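What follows is a short report on a single structure.
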Amino acid sequence: MNRRPRCPRTVAALLLGLLLAAGPATSLLAADTVRGDFLPDADIRSVRKDEGKTSPAIEWSGSIGATYIDAEDGSKIWLTPFTLEARLNRDTTLKLEGDGYGYVDFGGTTTQGFNNITLIASHVVYRNEASRVRLALGAIAPGSSGIGSRAAKQRISASYYRQLSSSWSLLATGRLTRRNQDPLPGERRIEQYGGLQTSYTLDQPMASSLLPR
């Protein structure tokens, strides 16, 4: 059964922009963002749906948002982060994501273009009734005008998802990202990232029936 695309997570994107606004704009644009490791929709759907049923066709989902950052160094940044996900079967997923089209004003000097376009292929290597272990390989293309990436990168990641109860869940993620180009002073060719996330699901929203599950 085909699924309707997810609603845009604009609020999440705006919060991410506010958190990162305290750092230099160039560091933000050069970073390998972590958006693909949070809100694990594919894992949540897989855990909560009937395991005995399989989808007869590819399941598509996506999101798009907008981020505005007014940085301390005077830079002003607009980004339109997006994701497009194709779930091929119960275990295998392809995802295209990025910071979208970006516009940066460095106090009179502007640059713009698409930023951090990333293709990720992931596969569940272990599953039971309440948990999943997923491995993923990805490739990151440089931005069309040099925004956000000095050169192409490759990354490998692993994540563990656990449904603790009907409302609570846990996600642990680790990732290694390798640059093709020689790193600048103070940078590493191989970057490391680790994250731990807990989530609570509102099954019956109290404020409005329009709120998402």
Side-chain angles (χ1 to χ4, degrees), residues 1-17 32-67 79-102 114-127 129-141 155-164 166-173 175 193 195 197-205 208-213:
M1 178 177 67
N2 293 331
R3 299 175 65 90
R4 296 178 60 185
R6 297 276 176 175
C7 295
R9 299 191 181 94
T10 307
V11 175
L14 290 173
L15 289 176
L16 177 61
D32 179 20
T33 54
V34 299
R35 60 191 170 276
D37 296 314
F38 290 84
L39 301 171
D41 295 337
D43 286 327
I44 291 175
R45 289 197 303 270
S46 184
V47 168
R48 291 178 177 171
K49 72 186 296 186
D50 183 0
E51 293 290 347
K53 298 179 181 179
T54 57
S55 176
I58 297 175
E59 294 184 10
W60 293 89
S61 63
S63 66
I64 187 169
T67 301
L79 297 173
T80 55
F82 73 94
T83 63
L84 178 62
E85 181 180 292
R87 189 179 182 206
L88 305 183
N89 52 50
R90 190 174 65 166
D91 293 330
T92 305
T93 302
L94 295 178
K95 181 186 291 186
L96 183 67
E97 65 181 25
D99 293 332
Y101 191 81
F114 284 93
N115 184 34
N116 279 340
I117 305 300
T118 306
L119 179 63
I120 304 168
S122 65
H123 185 75
V124 174
V125 296
Y126 170 80
R127 69 167 61 243
E129 292 182 356
S131 62
R132 302 287 182 273
V133 176
R134 182 183 296 271
L135 297 180
L137 294 174
I140 306 169
R155 78 183 206 185
I156 182 172
S157 64
S159 63
Y160 172 74
Y161 176 83
R162 175 80 179 182
Q163 189 72 33
L164 303 176
S166 60
S167 299
W168 287 97
S169 62
L170 175 73
L171 175 68
T173 303
R175 183 176 70 229
Y193 166 80
Q197 171 186 332
T198 58
S199 300
Y200 181 80
T201 300
L202 296 174
D203 289 327
Q204 295 180 348
S208 171
S209 61
L210 297 179
L211 291 175
R213 173 183 173 88

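Nothing here was measured: the structure is a model prediction, and the numbers come from that model.
- Listed by chain and number, the residues in a side chain to side chain contact (heavy atoms under 4.5 Å, CB included) with Leu94 are Leu88, Ala121 (sequence neighbours excluded).
- We find the OG-CG distance between Ser167 and Leu202 to be 8.0 Å, quoted to the nearest 0.5 Å.
- Asn89 and Thr92 make their closest contact through OD1-N, 2.8 Å (heavy atoms, listed as atom of the first residue, atom of the second, distance).
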Pair Thr93-Arg87, side chain to side chain contact (heavy atoms under 4.5 Å, CB included): steps then yes or no = CA-CA 4 Å; Thr93 302; Arg87 189 179 182 206; 3.9 Å; yes
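- Scored by the side chain to side chain donor-acceptor pair (under 3.5 Å) test, Tyr160 finds no partners at all (sequence neighbours excluded).
- Note that the OG atom of Ser157 and the CG atom of Leu137 stand 8.0 Å from one another [nearest 0.5 Å].
- Inspection of the Thr83 and Glu85 side chains reveals no N or O donor paired with an N or O acceptor under 3.5 Å.
- Remark: side-chain polar atoms of Thr80 are paired, donor with acceptor, to backbone N or O of Tyr101 under 3.5 angstrom.
- For the atom pair Gln163 CD and Leu170 CG, the distance stands at 10.0 Å (nearest 0.5 Å).
- Closest heavy-atom contact between Arg127 and Arg90: NH2-O, 3.1 Å.
- Taking both residues in full, the closest heavy atoms of Arg134 and Val124 are given as NH2-CG2, 3.5 Å, listed atom of the first, atom of the second, then distance.
- Put simply, the side chain of Thr67 reaches to within 4.5 Å of the side chain of Pro81, judged on heavy atoms.
- Atom CD in Glu97 sits 8.5 Å away from atom CD1 in Ile140 (nearest 0.5 Å).
- Contact between Ile120 and Arg155 at its shortest, heavy atoms only, is CD1-NH2, 2.9 Å.
- Here the closest heavy-atom approach between residue Leu96 and residue Phe82 is recorded as O-CE1, 3.8 Å.
- Rounding to the nearest 0.5 angstrom, the gap separating the CG atom in Leu119 from the CG atom in Leu84 is 10.5 Å.
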